S.K.: 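Please find one structure pasted underneath; my questions will follow.
Labels below follow one simple rule: chain letters A, B, ... track the order of the sequence lines, proteins then strands, and each chain is numbered from 1. None of the values given here were measured: they were computed from a predicted structure.
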2 protein chains.
Amino acid sequence: MSETLRPLRRNEIRQQNEALICQAAEKVFAEAGFGGATMQLIADVAGLPKANLHYYFPTKEHLYRRVVRDIFEIWLQAAEAMDSAPGPVEGIGAYIEAKMEISRRHPDGSKVWAYEVMHGAPVIQDYLETTLRDWTSGRVRLIERWIAEGKMARVDPEHLLYMLWAATQHYADFGHQIATLNGQPLTDADWQRATDSVKTMILRGIGAV
Amino acid sequence: MSETLRPLRRNEIRQQNEALICQAAEKVFAEAGFGGATMQLIADVAGLPKANLHYYFPTKEHLYRRVVRDIFEIWLQAAEAMDSAPGPVEGIGAYIEAKMEISRRHPDGSKVWAYEVMHGAPVIQDYLETTLRDWTSGRVRLIERWIAEGKMARVDPEHLLYMLWAATQHYADFGHQIATLNGQPLTDADWQRATDSVKTMILRGIGAV
DNA sequence: TCATAGCCTGACCAAGTGGTCAAGAAAATT
DNA sequence: AATTTTCTTGACCACTTGGTCAGGCTATGA
């Protein structure tokens with residue numbers, strides 16, 4: 001697969017092929033779901049023989065697990081934007097921007113995540129119960145502090161978080177529906193307007209100036 | 001399948017079995033996606049031999065098409081709540097309530113719909129381009145009128161609709177995630193609080209008193 | 001009562017599925 | 001150069017899948 005002249009080192013080969021496979025798998029899993037995706041198709045997209053996938057990932061489920069985990073990492077990373085902010089305008093504003101950017105850059109990842117959760121999170125249940133729950137309760141406390149400090153209206157913090165997730169991820173998961181109603185895929189300007197709309201409505205909705 | 005004493009009439013048999021199959025199919029498609037669902041499992045859930053499914057629905061895709069269409073109908077029906085309202089507070093408030101109720105009563109249907117759209121809407125593309133587009137542009141005009149009449153803030157109507165869909169359907173599609181974070185499935189009171197939260201945040205977000 | 005049309009289903013099939021494996025190619029190590 | 005370790009892959013297998021079909025069953029209409 002490599003176009004490099006110098007022969008590849010072992011580590012490079014492994015890293016490169018795993019990345020290639022993950023990339024193909026993310027696309028195929030997003031397009032067909034776990035059950036509908038086939039190792040053969042993933043192999044074709046990656047441009048590798050099927051047996052090679054099984055060399056790097058023993059089973060289809062191992063590969064899927066890896067894809068979902070990668071997405072989860074990216075997704076949690078956007079959270080950091082929220083922490084170092086003095087108030088909801090900056091914090092939640094930055095979080096919305098970060099999540100909208102992810103929806104735009106990693107729509108397939110978002111779909112695989114959605115697929116996984118929709119089907120009962122068989123693979124990442126433990127993540128939900130540990131990492132995500134911890135993160136959530138931390139953010140709930142942050143929001144409660146902002147409310148106590150009079151920086152925003154008294155809203156239910158959990159449901160605010162759900163709304164943030166829903167509104168931003170919708171642009172990835174339902175991107176096809178949006179593009180159809182829009183008559184064409186969203187342009188740069190469309191994405192800017194979408195982000196502004198979400199920010200404006202939510203920030204006003206929580207009474208943050 | 002029937003417990004009726006009197007033998008069933010032809011029409012009844014057909015109607016009853018089709019409903020039974022659709023019900024089972026909705027559940028299985030929601031749990032496994034189109035690719036992951038098997039006719040055998042749908043048959044088992046319906047309590048019918050597999051060959052019988054193929055008597056009523058020639059192919060798996062026909063059955064799936066039917067399930068998605070049924071959901072689409074329910075989903076559009078909630079729209080009517082919005083029309084006969086004097087302003088956004090009543091109209092959008094009622095729409096949110098109706099859609100939250102659907103998320104609660106038909107979570108499987110919502111998931112199948114999400115699954116279908118996420119995967120490029122291969123089956124219901126025409127619905128998106130005709131019925132949904134027409135409905136959307138009608139609602140956009142309604143919102144624009146409310147804005148012109150000073151009944152709400154100047155927001156982008158399309159993105160308001162997306163936010164309504166996202167926020168309400170999230171409680172169905174990501175119900176498992178929410179239940180996990182909540183520690184248990186939402187109770188009646190939880191659903192009430194969720195609905196109130198969504199209503200409050202969105203209505204304030206669009207500047208409707 | 002009898003013929004007809006609609007309903008039911010066990011047994012079957014061709015086409016894929018995830019996964020294995022042995023034998024070879026390539027890089028690393030000695 | 002020789003050897004060991006990692007990587008590559010065509011061929012293969014047991015199993016499941018959607019879908020078929022012949023033949024039996026049951027309600028209906030004459």
S.K.: Does either side chain, that of Gln192(B) or that of Asp188(B), offer a donor lying less than 3.5 Å from an acceptor on the other one?
M.R.: no

S.K.: Under 4.0 Å between a side-chain N/O of Arg14(B) and OP1 or OP2 of dG6(C), yes or no?
M.R.: no

S.K.: Are Asp134(A) and Thr131(A) close enough that a side-chain donor and a side-chain acceptor fall under 3.5 Å?
M.R.: no

S.K.: Starting at atom CG of Asn52(B), determine the distance to atom P of dG6(C), rounded to an integer number of angstrom.
M.R.: 16 Å

S.K.: Which ones in residues 54-62 of chain A lie close to DNA chain D, meaning a heavy atom under 4.0 Å from one of its atoms?
M.R.: Tyr55(A), Tyr56(A)

S.K.: Rounding to a whole Å, what distance do you find between Gln40(A):CD and dC12(D):P?
M.R.: 16 Å

S.K.: Are OP1 or OP2 of dG6(C) and a side-chain N or O of Asn11(B) less than 4.0 angstrom apart?
M.R.: no

S.K.: Rounded to whole angstroms, how far apart are OH on Tyr64(B) and P on dG18(D)?
M.R.: 14 Å

S.K.: Could you tell me whether His62(B) and Tyr56(B) have their ring centroids closer than 6.0 angstrom?
M.R.: no

S.K.: Of the nucleotides dT9(D), dT8(D), dC7(C), which has the atom closest to the Asn17(A) side chain?
M.R.: dT8(D)

S.K.: Whole angstroms only, please: what is the CE-C1' distance between Met39(B) and dT20(D)?
M.R.: 13 Å

S.K.: I'd like to know if the side chain of Glu116(A) pairs up with that of Tyr64(A) as donor and acceptor (distance under 3.5 Å, no hydrogens or angles considered).
M.R.: yes

S.K.: Quick check against the 3.5 Å criterion: does Arg139(A) have a side-chain atom that pairs as donor or acceptor with the backbone of Trp135(A)?
M.R.: yes

S.K.: What nucleic acid atoms does Ala37(B) come within less than 4.0 Å of, heavy atoms only: base, sugar-phosphate, or nothing?
M.R.: sugar-phosphate

S.K.: Send over the distance from Ile21(A) CD1 to dC7(D) P, rounded to a whole Å.
M.R.: 11 Å

S.K.: What integer distance in Å separates Ile42(B):CD1 from dG18(D):C1'?
M.R.: 11 Å

S.K.: Would you mind reading off the distance between Glu18(B) atom CD and dC7(C) atom C1', rounded to a whole angstrom?
M.R.: 13 Å

S.K.: Using the closest heavy atom to pick a nucleotide of DNA chain D for each, name whichever of Lys50(A) or Leu53(A) lands nearer the 5' end.
M.R.: Leu53(A)

S.K.: Looking only at heavy atoms, which two atoms of His176(B) and Gly120(A) are closest? And how far apart?
M.R.: NE2-O, 3.2 Å

S.K.: Please name all residues satisfying side chain to side chain donor-acceptor pair (under 3.5 Å) with Tyr127(A), sequence neighbours left out, ordered by chain then number.
M.R.: none

S.K.: Once you round it to whole Å, what is the distance between C1' of dT16(D) and CG of Leu41(B)?
M.R.: 13 Å

